[in-house]
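In what follows, residues are counted from 1 in the order of the sequence shown.
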Amino acid sequence: MSGRETERQPKYLRIAAQLRAAVEAGEYGPGERLPGENELMAEHSVARMTARQALGVLQAEGIAEARKGAGVFVRDFRPIRRHGIERLARTRWGEGRTVWSADLGDRELVVDTVEVSQEEAPAVVAAVMDLAEGADVCVRRRRFVLDGKPVLLSTSYLPADLVAGTPVMQPDTGPGGTYARLAELGHGPVRFREEIRSRMPTRDEAERLALPTGVPAVLIVRTAFDADGRVVEVNDMVLDSAAYVLEYQFEA
């Protein structure tokens, strides 16, 4: 962007750009407090609303977070690099490892809430699974926490006629997770489809993920197919967009 174009930007965007550059240069490290509204007002000769808007830009980008009564701080969290292809390889869950082992390195992911139930399939899930209206599915709802920060809400739907009475209906499905249990039932996934989009989170999602105001969510819907082409899982995931880098490596 040229100097003239920069000058035409609203003041709050110019201030936000300076703060962003300072964070990227290491002048403000993870967990450190950024200049407050009063400091920005004095330094840049702007109104309080302009200073507030500048700080709001960094919060919306996931660079900073507000702490009630304390100020705005550089977000102290190392993003997860989600390896979209490697993580689903049979060599992982088939050997008793979780799909998360491709993403985390030496970091520990905690599932702090698990809810398992049998319910009538939502219409969109029934359509994807080619189930009759009113058919039941196993529903697994989980929240994943990394470094003390909620990062993902996951809701998995599996055909009830396939998994009822199996370890898939237990909170802990065992080594290799759900996919390993499906393989033991003769329905291990051989193909996946992931659809990715983004939107602003619902109020409930924002609360459960502890999202700062203005931070969008990434939605990933993964569909797993067995060797006969049957859909054996639909996994609806809501991710903190500022907590993830989505990486896909594949041959040309």
Side-chain angles (χ1 to χ4, degrees), residues 1-84 103-105 107 109 143-153 194-220 237-249:
M1 184 178 293
S2 68
R4 182 171 296 178
E5 290 173 329
T6 299
E7 290 176 1
R8 288 201 296 264
Q9 279 190 319
K11 283 186 177 180
Y12 78 91
L13 289 179
R14 297 204 299 269
I15 297 170
Q18 291 178 27
L19 290 172
R20 186 187 306 110
V23 171
E24 292 173 350
E27 294 178 29
Y28 299 101
E32 290 188 9
R33 183 181 179 277
L34 292 173
E37 293 177 8
N38 291 338
E39 296 165 85
L40 293 177
M41 290 165 61
E43 180 179 350
H44 297 279
S45 301
V46 295
R48 182 174 301 278
M49 181 56 68
T50 301
R52 185 172 298 168
Q53 287 177 308
L55 292 169
V57 169
L58 298 190
Q59 293 176 66
E61 293 176 349
I63 295 172
E65 60 184 359
R67 299 178 188 172
K68 191 172 182 179
V72 177
F73 295 76
V74 178
R75 205 170 188 198
D76 187 10
F77 184 82
R78 179 159 50 101
I80 304 164
R81 188 165 292 273
R82 184 182 189 274
H83 299 276
D103 306 333
L104 299 174
R107 304 165 81 184
L109 187 74
R143 185 174 78 161
F144 294 81
V145 177
L146 183 65
D147 299 340
K149 169 72 178 70
V151 293
L152 168 69
L153 306 176
E194 286 195 342
E195 301 171 355
I196 303 173
R197 61 189 179 94
S198 63
R199 61 163 169 75
M200 296 309 295
T202 65
R203 178 173 297 187
D204 177 67
E205 290 166 350
E207 289 178 354
R208 295 179 65 198
L209 287 173
L211 294 180
T213 301
V215 175
V218 172
L219 283 74
I220 301 178
M237 294 167 274
V238 181
L239 291 69
D240 174 356
S241 63
Y244 281 87
V245 174
L246 306 182
E247 179 178 307
Y248 295 87
Q249 295 190 43

Handout entry: Set of side chain to side chain contact (heavy atoms under 4.5 Å, CB included) partners for I196, sequence neighbours left out
Key = V218, I220, L246, Y248
Could you tell me the separation between the [atom1] atom of [X] and the [atom2] atom of [Y], rounded to the nearest 0.5 Å?
X    : Y    : atom1 : atom2 : result
M237 : L219 : CE    : CG    : 9.5 Å
L239 : E205 : CG    : CD    : 10.5 Å
L152 : R208 : CG    : CZ    : 10.0 Å
T50  : R14  : OG1   : CZ    : 10.0 Å

Exercise for the section: State plainly whether the residues K149 and E65 are in salt-bridge range, i.e. N to O under 4.0 Å. Expected result: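 Result for this pair is no, no salt bridge flagged.
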Tell me the closest heavy-atom pair linking [X] and [Y], and the distance in Å.
X   : Y   : answer
A64 : V72 : CB-CG1, 3.6 Å
K11 : S45 : NZ-O, 4.2 Å
L58 : A16 : CD2-O, 3.7 Å

Handout entry: Heavy-atom side-chain contact between L55 and L19 under 4.5 Å
Key = yes
Donor-acceptor list for residues 33-41 side chains, cut-off 3.5 Å, not counting sequence neighbours:
residue : atom : partner : partner atom : Å
R33     : NE   : A70     : O            : 3.3
R33     : NH1  : E39     : OE2          : 3.0
E37     : OE1  : R48     : NH1          : 3.1
E37     : OE1  : R52     : NH2          : 3.2
E37     : OE2  : R52     : NE           : 2.9
N38     : OD1  : R48     : NH1          : 3.1
N38     : OD1  : R48     : NH2          : 2.8
E39     : OE2  : G36     : N            : 2.7

Practice task
Apply the side chain to side chain contact (heavy atoms under 4.5 Å, CB included) test between S241 and each candidate in L209, L211, V215; give the one that qualifies.
Solution key: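 So, applying the side chain to side chain contact (heavy atoms under 4.5 Å, CB included) to S241 and each of L209, L211, V215, only V215 qualifies.
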Exercise for the section: For atom CE of M49, decide whether the heavy atoms of other residues, nucleotides or ligands shown that lie under 6.0 angstrom number more than 12. Expected result: no
Handout entry: Test item: R143 side-chain N/O and P150 main-chain N/O as donor-acceptor pair under 3.5 Å
Key =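 A pair under 3.5 Å: no.
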Problem - Pairs satisfying salt bridge (charged side-chain N to carboxylate O under 4.0 Å, His left out), at least one member in residues 17-32, at least two apart - result: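 Sorted pair list: R20-E61.
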